[in-house]
Amino acid sequence: FWMQRGSVLMPLFEVGIYNKIVRNFVRSGEDLPDNLDPKFESTLYYTREGRNREVLDAKLEREFKSIDGYIVEHVEKIAD
């Protein structure tokens with residue numbers, strides 16, 4: 001459950017992410033703009049690596065920007 005990057009072992013985390021903008025559109029019955037993926041109405045789970053929670057949070061913000069409506073709903077360290 002650890003990923004190795006170079007010679008450094010990185011812990012893995014399971015993260016659950018949804019998009020509040022998508023969720024609001026879908027639940028209100030409005031048509032979703034083309035640039036939004038309807039699958040993000042539900043929480044999607046991914047495995048991501050990070051040296052610690054702070055590093056992980058920074059990586060997630062780059063990948064799933066909160067300004068674009070993404071919400072990190074779940075974070076669990078898979079291995080210790």
Side-chain angles (χ1 to χ4, degrees):
F1 287 78
W2 290 79
M3 292 190 79
Q4 185 169 355
R5 175 153 305 176
S7 62
V8 178
L9 293 175
M10 303 282 271
L12 289 180
F13 295 84
E14 177 186 71
V15 297
I17 297 169
Y18 73 91
N19 187 294
K20 67 181 178 183
I21 297 168
V22 171
R23 187 171 279 184
N24 289 340
F25 268 99
V26 170
R27 292 184 180 183
S28 71
E30 295 180 60
D31 289 335
L32 198 60
D34 291 337
N35 65 326
L36 296 176
D37 190 337
K39 70 182 180 186
F40 279 100
E41 188 265 338
S42 299
T43 302
L44 301 177
Y45 292 88
Y46 300 93
T47 302
R48 293 294 185 263
E49 64 180 8
R51 191 171 46 241
N52 55 45
R53 179 64 191 265
E54 185 177 319
V55 170
L56 176 69
D57 287 346
K59 287 181 177 186
L60 291 174
E61 179 59 30
R62 285 191 300 274
E63 186 174 359
F64 302 99
K65 293 177 176 40
S66 59
I67 196 166
D68 293 332
Y70 291 98
I71 304 292
V72 178
E73 183 175 65
H74 168 84
V75 176
E76 182 179 341
K77 193 171 187 180
I78 296 173
D80 244 359

Please determine whether residues [X] and [Y] belong to a single hydrophobic cluster, defined as Ile, Leu, Val, Met, Phe, Trp and Tyr linked transitively by side-chain heavy-atom distances below 4.5 Å.
{"X": "Val72", "Y": "Tyr46", "answer": "yes"}
{"X": "Val75", "Y": "Tyr70", "answer": "yes"}
{"X": "Ile71", "Y": "Phe64", "answer": "no"}

Which heavy atom of [X] sits nearest to which heavy atom of [Y], and what is that distance?
{"X": "Phe13", "Y": "Arg53", "result": "CZ-N, 4.4 Å"}
{"X": "Val15", "Y": "Leu56", "result": "CG1-CD2, 4.2 Å"}
{"X": "Ile17", "Y": "Phe40", "result": "O-CD2, 4.1 Å"}
{"X": "Glu73", "Y": "Tyr18", "result": "OE2-CE2, 3.7 Å"}

As an exercise, state the distance from [atom1] of [X] to [atom2] of [Y], rounded to the nearest 0.5 Å.
{"X": "Lys65", "Y": "Leu60", "atom1": "NZ", "atom2": "CG", "answer": "11.5 Å"}
{"X": "Asp31", "Y": "Phe25", "atom1": "CG", "atom2": "CZ", "answer": "9.0 Å"}
{"X": "Lys59", "Y": "Arg51", "atom1": "NZ", "atom2": "CZ", "answer": "8.0 Å"}

Quiz prompt | Single hit among Leu36, Ile21, Val26, Asn19 for side chain to side chain contact (heavy atoms under 4.5 Å, CB included) with Glu41 | solution =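 One option only clears the test, and that one is Val26.
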Quiz item: Crowded around Asp34 CG? As in, over 12 foreign heavy atoms under 6.0 Å?
Solution: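 No, CG of Asp34 has 12 or fewer neighbouring heavy atoms, counting only those of other groups under 6.0 Å.
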Quiz prompt | side-chain hydrogen bond (donor to acceptor under 3.5 Å, both in side chains) partners of Asn52, counting only residues at least two apart | solution =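 Counting only residues at least two positions away or on another chain, Asn52 forms no side-chain hydrogen bond (donor to acceptor under 3.5 Å, both in side chains).
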Quiz prompt | Glu54: partners by side-chain hydrogen bond (donor to acceptor under 3.5 Å, both in side chains), with sequence neighbours left out | solution =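 Per chain and number, Glu54 pairs via side-chain hydrogen bond (donor to acceptor under 3.5 Å, both in side chains) with no residue.
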Quiz item: Run the side-chain contact (heavy atoms from CB on, under 4.5 Å) check on Val22 and Leu32 step by step: do they pass?
Solution: CA-CA 7 Å; Val22 171; Leu32 198 60; 4.2 Å; yes
Quiz prompt | Glu14 side-chain N/O to Ile78 backbone N/O, donor-acceptor pair under 3.5 Å | solution =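 No; zero donor-acceptor contacts below 3.5 Å.
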